[in-house]
Number of protein chains: 2
Amino acid sequence: LEGPLVASVDDELGSPWAQEPPRHALLKPASKRPFNAEPPIGLLAEQFYTPNELFYVRNHLPVPVISPEDYELEIEGGGKEQTLSLERIKALPKHSWSGARLCDLLRQQGVQPDEAKHVIFEGADLDPTSHPYGASIPLAKALDPRGDVILAYEMNDEPLSRDHGYPIRVIVPGTVGARNVKWLTRIVVADRESDSHWQQNDYKGFSPSTDWDTVDFGKSEAIQAMPVTSAICTPQAGSRVKVEQDEAKGEGEGHITVRGYAWSGGGRKIVRVDLTNDEGLSWHVAELEQEDSPDGRHYGWSLWTARLPVSQAQRRAGDVEIWAKAVDSAYNVQPEKFEHIWNLRGVLANAYHKVKVKIV
Amino acid sequence: LEGPLVASVDDELGSPWAQEPPRHALLKPASKRPFNAEPPIGLLAEQFYTPNELFYVRNHLPVPVISPEDYELEIEGGGKEQTLSLERIKALPKHSWSGARLCDLLRQQGVQPDEAKHVIFEGADLDPTSHPYGASIPLAKALDPRGDVILAYEMNDEPLSRDHGYPIRVIVPGTVGARNVKWLTRIVVADRESDSHWQQNDYKGFSPSTDWDTVDFGKSEAIQAMPVTSAICTPQAGSRVKVEQDEAKGEGEGHITVRGYAWSGGGRKIVRVDLTNDEGLSWHVAELEQEDSPDGRHYGWSLWTARLPVSQAQRRAGDVEIWAKAVDSAYNVQPEKFEHIWNLRGVLANAYHKVKVKIV
Ligand SMILES: [Mo]
Ligand SMILES: [Mo]
């Protein structure tokens with residue numbers, strides 16, 4: 001996965017995109033401005049810890065330029081206001097996820113539990129009208145020591161890169177990425193959610209029959225925890241897969257090896273991943289590779305590997321469709337197909353991943 | 001819903017079933033010994049709060065006979081052991097769910113948070129070999145003030161009935177009923193889960209292809225929080241439903257009213273219920289009736305009502321199938337059909353509820 005960093009160049013004078021950071025050549029952007037990209041899916045499940053430079057990037061706006069000496073974080077709550085320097089934040093006790101615990105900071109500032117309140121985060125990234133990116137989470141999540149919300153300044157023991165929120169981002173584990181505000185400059189404890197576009201009118205789910213004429217964003221809940229999902233990383237759709245012969249079995253009997261990831265929101269652990277290559281007539285349980293975190297705080301993905309038997313009839317036919325479905329610790333499962341969860345925002349697309357391959 | 005109580009009579013001398021309590025005549029038992037019953041589904045959604053005598057009953061063993069004066073609860077944990085009388089428990093601060101908070105009791109006894117530990121509950125109901133019913137939950141759930149685990153002695157402001165655990169039962173809101181141990185006599189903080197049959201070899205989920213020859217209960221996680229689910233209560237399957245004419249619309253245009261409940265585990269709130277009567281070509285969002293509890297502590301069910309338009313073609317055809325699916329606050333959805341979630345224990349059957357009716 002070694003590879004060159006590619007500079008981002010924008011020649012237009014005064015363009016807000018003129019100071020984007022360089023990025024790894026393997027990050028294929030789905031959108032360049034803002035930059036949104038992930039590594040090729042075939043490489044994704046090769047290692048449990050993704051190298052920082054290949055970690056997927058989601059930006060909404062141009063990446064801000066922030067010098068560590070000038071960086072300031074403002075926190076309003078508990079009837080007080082304080083401004084922290086980067087040095088101050090790094091001097092706080094360091095959490096295992098390489099940052100300061102937000103629950104400690106808020107409690108020290110006198111913030112009391114209140115089920116009706118929210119914590120609003122603002123970033124240094126600005127939209128064309130100079131409004132910062134913003135999002136909020138329930139105060140209960142922020143104050144819960146088992147909620148594990150941190151102000152992160154390191155990622156895998158390295159300082160955050162610019163694309164990932166240098167010098168400080170919020171990590172809200174188990175919660176949709178959109179609430180994990182990067183380039184964090186302001187925290188406000190408030191009676192209401194963030195009034196940002198992204199909190200109010202963007203990351204929400206709807207019935208499949210809701211269209212842009214009938215949609216009422218005010219009636220839908222902002223996404224926080226995410227549903228259970230999984231993906232097949234190898235083999236890839238359309239690829240030719242050689243059957244591995246099973247020595248112990250008869251002529252022509254064999255299997256294929258399938259590998260991928262699974263994840264669920266709210267810290268829920270993946271408890272099982274089932275695979276089928278005969279449209280669910282027979283399901284095969286995958287081996288899981290996952291961290292030994294307690295349920296409710298199981299934030300990392302689970303990699304999985306399954307051996308799927310291939311029948312002689314399937315070998316003759318050549319075409320096989322592989323389906324994966326994951327089950328989390330609340331025994332929630334993925335829905336079978338996208339049709340009945342489709343929504344006009346295109347979010348929450350956690351139906352079975354189905355991949356057609358050619359058996360050779 | 002007024003109705004007679006029916007005495008349970010067992011003439012056999014010395015039968016463990018000789019002292020079962022009387023029960024409401026409308027509770028139709030799926031099994032009589034042990035007694036397991038619920039009210040007719042058509043009545044279920046009529047009111048938000050189900051009257052105690054109609055509340056569904058799940059027993060595993062004969063109902064024990066316990067006198068309030070003799071009742072004792074033993075608690076082991078934090079390196080100590082104490083025995084509480086019923087009077088002592090009732091003298092503790094009373095939680096809104098009409099019982100004492102387990103988190104307070106455990107903390108007072110010196111129990112410290114430990115992600116690897118469990119709280120084991122034992123009941124006074126005995127199996128034929130004189131082993132008590134038992135189950136456990138993670139210590140983290142028991143110690144969390146937002147986990148809301150209580151030792152309940154009242155249900156809707158009345159003392160618990162014998163069928164519901166008199167004089168004390170555990171309420172573990174958001175968690176499968178099997179961990180809500182009734183006739184509670186012993187609490188132990190331990191390094192392991194309960195070793196009871198019901199914890200180890202019963203309430204667990206499996207892949208659809210796991211059969212009684214291949215099942216390994218040790219490899220599956222005990223059910224704790226439950227997945228999102230919903231049910232259609234009215235109209236009932238096979239019933240004749242009269243179309244309500246829409247005045248504003250043309251001749252023959254009308255709708256039917258559908259009513260039911262939805263629920264999710266882990267305190268996750270129901271955020272939407274979608275209904276269809278054309279196999280998902282069009283979905284209609286139901287109105288929700290629910291308590292105003294915060295997400296993560298939203299333990300009650302949500303009742304819902306939907307108006308489904310009926311086309312002239314559907315009126316002519318007569319037969320209509322109604323589907324309901326619920327969405328919880330983590331945007332988990334129900335799977336579409338039972339086929340791919342079937343398991344040999346028959347648990348976790350949360351696929352869409354589909355009801356065929358005749359339109360008249
Ligand atoms: Mo996005
Ligand atoms: Mo049961």
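Every chain is numbered from 1 and lettered A, B, ... according to where its sequence line falls, protein lines coming before strand lines. As the structure is a prediction and not an experimental result, all values here were calculated from the model.
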Any chance you could lay out the side chain to side chain contact (heavy atoms under 4.5 Å, CB included) test for B:R146 and A:E115, step after step, and finish with the verdict?
CA-CA 10 Å; B:R146 299 184 79 243; A:E115 295 285 351; 2.8 Å; yes
Which one of A:S293, A:A116, A:G205, A:S282 has the most heavy-atom pairs closer than 4.5 Å to chain B?
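Greatest number of close heavy-atom pairs with chain B: A:G205.
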ring-ring contact (aromatic ring centres under 6.0 Å, His included) with A:W198: which residues, sequence neighbours excluded?
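A:H60, A:Y133.
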Could you please spell out the steps behind the side chain to side chain contact (heavy atoms under 4.5 Å, CB included) verdict for A:E221 and B:S329?
CA-CA 8 Å; A:E221 299 277 341; B:S329 59; over 6 Å; no
What part of B:K325 is in contact with chain A, defined as an atom under 4.5 angstrom from a non-hydrogen atom: side chain, backbone, both or neither?
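Contact with chain A is through the side chain of B:K325 alone.
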Rounded to the nearest 0.5 Å, what's the gap from CG on B:N343 to CZ on A:R272? Could you check?
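That separation rounds to 8.0 Å.
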Atom pair CD (A:Q334) and CD1 (B:I341), whose distance is rounded to the nearest 0.5 Å
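The CD1 atom of B:I341 is 13.0 Å from CD of A:Q334, to the nearest 0.5 Å.
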Evaluate whether atom [atom1] of [X] has more than 12 neighbouring non-hydrogen atoms of other residues, nucleotides or ligands under 6.0 angstrom away.
{"X": "B:D211", "atom1": "CG", "value": "yes"}
{"X": "A:D216", "atom1": "CG", "value": "yes"}
{"X": "B:E287", "atom1": "CD", "value": "no"}

Heavy-atom pairs under 4.5 Å with chain A are the metric here; pick the option from B:P335, B:P294, B:S207 that has the most.
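Among B:P335, B:P294, B:S207, the one with the most close pairs to chain A is B:S207.
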Pick whichever of B:P138, B:A140, B:S220, B:A330 has the most heavy-atom pairs under 4.5 Å with chain A.
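Option with the greatest count: B:A330.
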Is it true that a side-chain atom of B:N332 and a backbone atom of A:V333 form a donor plus acceptor pair closer than 3.5 Å?
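No: the side chain of B:N332 does not pair with the backbone of A:V333.
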Test item: A:Y331 side-chain N/O and B:L348 main-chain N/O as donor-acceptor pair under 3.5 Å
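Checking the backbone N and O of B:L348 against the side chain of A:Y331, no donor-acceptor pair under 3.5 Å is found.
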Answer with side chain, backbone, both or neither: which region of A:W342 has an atom nearer than 4.5 Å to a non-hydrogen atom of chain B?
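It is neither, since no heavy atom gets under 4.5 Å.
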Side chain, backbone, both or neither: which part of A:V228 has an atom under 4.5 Å from a heavy atom of chain B?
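When you check distances to chain B, atoms from both the backbone and side chain of A:V228 fall under 4.5 Å.
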Taking all heavy atoms of B:W283 and all of A:S209, pick out the closest pair and write down the distance.
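B:W283 and A:S209 have their closest heavy atoms at N-OG, 2.6 Å.
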To check you understand the geometry: which heavy-atom pair defines the closest contact between B:G280 and A:H340, and what is its length?
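Nearest heavy atoms, B:G280 then A:H340: CA-CE1, 3.5 Å.
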Does some side-chain heavy atom of A:D274 sit less than 4.5 Å from a side-chain heavy atom of B:P208?
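Yes - at least one pair of side-chain heavy atoms lies under 4.5 Å apart.
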Among residues 259-269 of chain B, which residues come closer than 4.5 Å to chain A, judged by heavy atom distances?
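Residues in range: B:R268, B:K269.
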